[in-house]
Amino acid sequence: MEKHEYMAQCEDHLFHVYNRFPVVFDHGKDMCLYDTDGKEYLDFASGIGVNAFGYGNKEFQFALENQIRKLLHTSNLYYHTSLGEAAADVCRVTGMDRVFFTNSGAEAIEGAIKTAKKYAFLQDGKNGQEIIAFEHSFHGRTVGALSVTGTDHYRAPFYPLMGGVRFAKFNDFASVEALVNDHTCAILMETIQGEGGIYPAEEEFLKALRELCTEKDILLILDEIQCGMGRTGQMYAYQHYNIRPDIVTTAKALGGGVPVGAFAVTEKVAKTSLVPGDHGTTYGGNPLVCAAVHKSIDMMEELELPKHVRKTTPYLEKKLQELTDKYDFVTGHRGMGYMQGLILTIPVADVVKNCLKAGLVVLSAGSDVLRLLPPLIADEEDFDRGFEILDSVLSEF
Ligand SMILES: *Cc1c(COP(=O)(O)O)cnc(C)c1O
């Protein structure tokens, strides 16, 4: 089939919920994607932070192939041979004690919310628990996750959402304190806001939240779905801050492209919250995704990708600074590791579109941030090549 035929088939049959770019990807290798015309695209988006190892990694494929041949699915009524290993891996790298596997990021958020509600319910036997979340946050598209997402345009058509959610200002501790009351069961935030425009939590702010939560027995839930799994130069971004959350949500790069998420909790939370019958999933943690999680974490550690990201980030930031110095309509950049935003006063959607035409895949975040989430294997040469394309695209504005 030809490009326009693939596109037409999709448009004829898919529920029109995405405005897709007019490109049909066929395969990938290392840092690059290839479309049906054989055109090469350097990837600085990783399928929204998923493809940490780039494309076509043989070792990863081999691990998945082995699992596919043995067993794909069992349900959670039984043990299987890949489950415990993947669970131990997630506990080790998050620093948590127990994990529940989900099929997506949004479902990890749902599980975290239910855990926090049950934890509070067991303290006082009362319902009416409240959650403090943040303005401009993004936690997913299911009704529960949308209820804690602080961005109006995602929410507006769907009221009433889950009640009991209050929104504070990110990096503004006083705005959080003002919302805390006897019903508050959890504070939920992204360690680095992703969709909202790449805003890292300030160290003082996150440490103050940790103290407040400990003092009042409120659960601190950190959403690391986008910023976790090595992206910032630590396995999880909160490890830069030397704090331990009560619940962590993780997904995106967790399965290296196989759809899997998880929420992980401390022993204390696990002991006084969900029990058999409270929560479940048919697919969650099935043999295929567990093989993917185990191999992803294994490769992340073997290749020392967090260390590689730490080492190469200054080079990436230098490149971002060069564009900031060169163009008046580039007003700055911010981020951590391989999660970076370039702040623009020109329409970011046009920049993303023109980059794609020029063979560079990038993302936007909000209306004014060009977002870069390159695969974690990206090195200086890849950045040289990508920024040359980006520079030439920007020079046309
Ligand atoms: C992508 C994302 C989600 C939602 O994950 P899905 O797998 O799309 O449901 C939640 N939180 C953050 C921070 C994300 O970036």
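Computed from heavy atoms alone, side chains included, the values below leave out hydrogens, waters and symmetry copies. As the structure lists them, so they are numbered: ligands from 1, and atoms in each ligand from 1.
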So for ligand 1, is G105 a polar contact partner (N or O within less than 3.5 Å, distance only)?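 Yes: some nitrogen or oxygen of G105 is under 3.5 Å from one in ligand 1.
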Test salt bridge (charged side-chain N to carboxylate O under 4.0 Å, His left out) applied to D97 and R244, K271, K268, the passing residue: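 Going through R244, K271, K268 one by one, the salt bridge (charged side-chain N to carboxylate O under 4.0 Å, His left out) with D97 is satisfied by R244 alone.
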One residue to check: K252. Relative to ligand 1, which of side chain, backbone, both or neither has a non-hydrogen atom less than 4.0 Å away? side chain
Could you see which bit of A106 sits under 4.0 Å from ligand 1, with heavy atoms only: side chain, backbone, both or neither? both
Distance filter under 4.0 Å to E190 heavy atoms, resulting ligand 1 atoms: 13 (C)
Closer than 4.0 Å: a protein non-hydrogen atom to atom 8 (O) of ligand 1: no
Step through the shown structure and confirm whether more than 12 heavy atoms of other residues, nucleotides or ligands are within 6.0 Å of CG on N181. yes
More than 12 heavy atoms from other groups under 6.0 Å of NZ on K29: yes
Answer yes when E204 and R210 have at least one side-chain N-carboxylate O distance shorter than 4.0 Å, and no when they do not.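 Looking at E204 and R210, the cut-off is not met.
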From the candidates I225, D223, I192, I48, the one that places a heavy atom nearest atom 3 (C) of ligand 1: I225
Hey, would you say the F170 and Y199 ring centroids sit under 6.0 Å apart? no
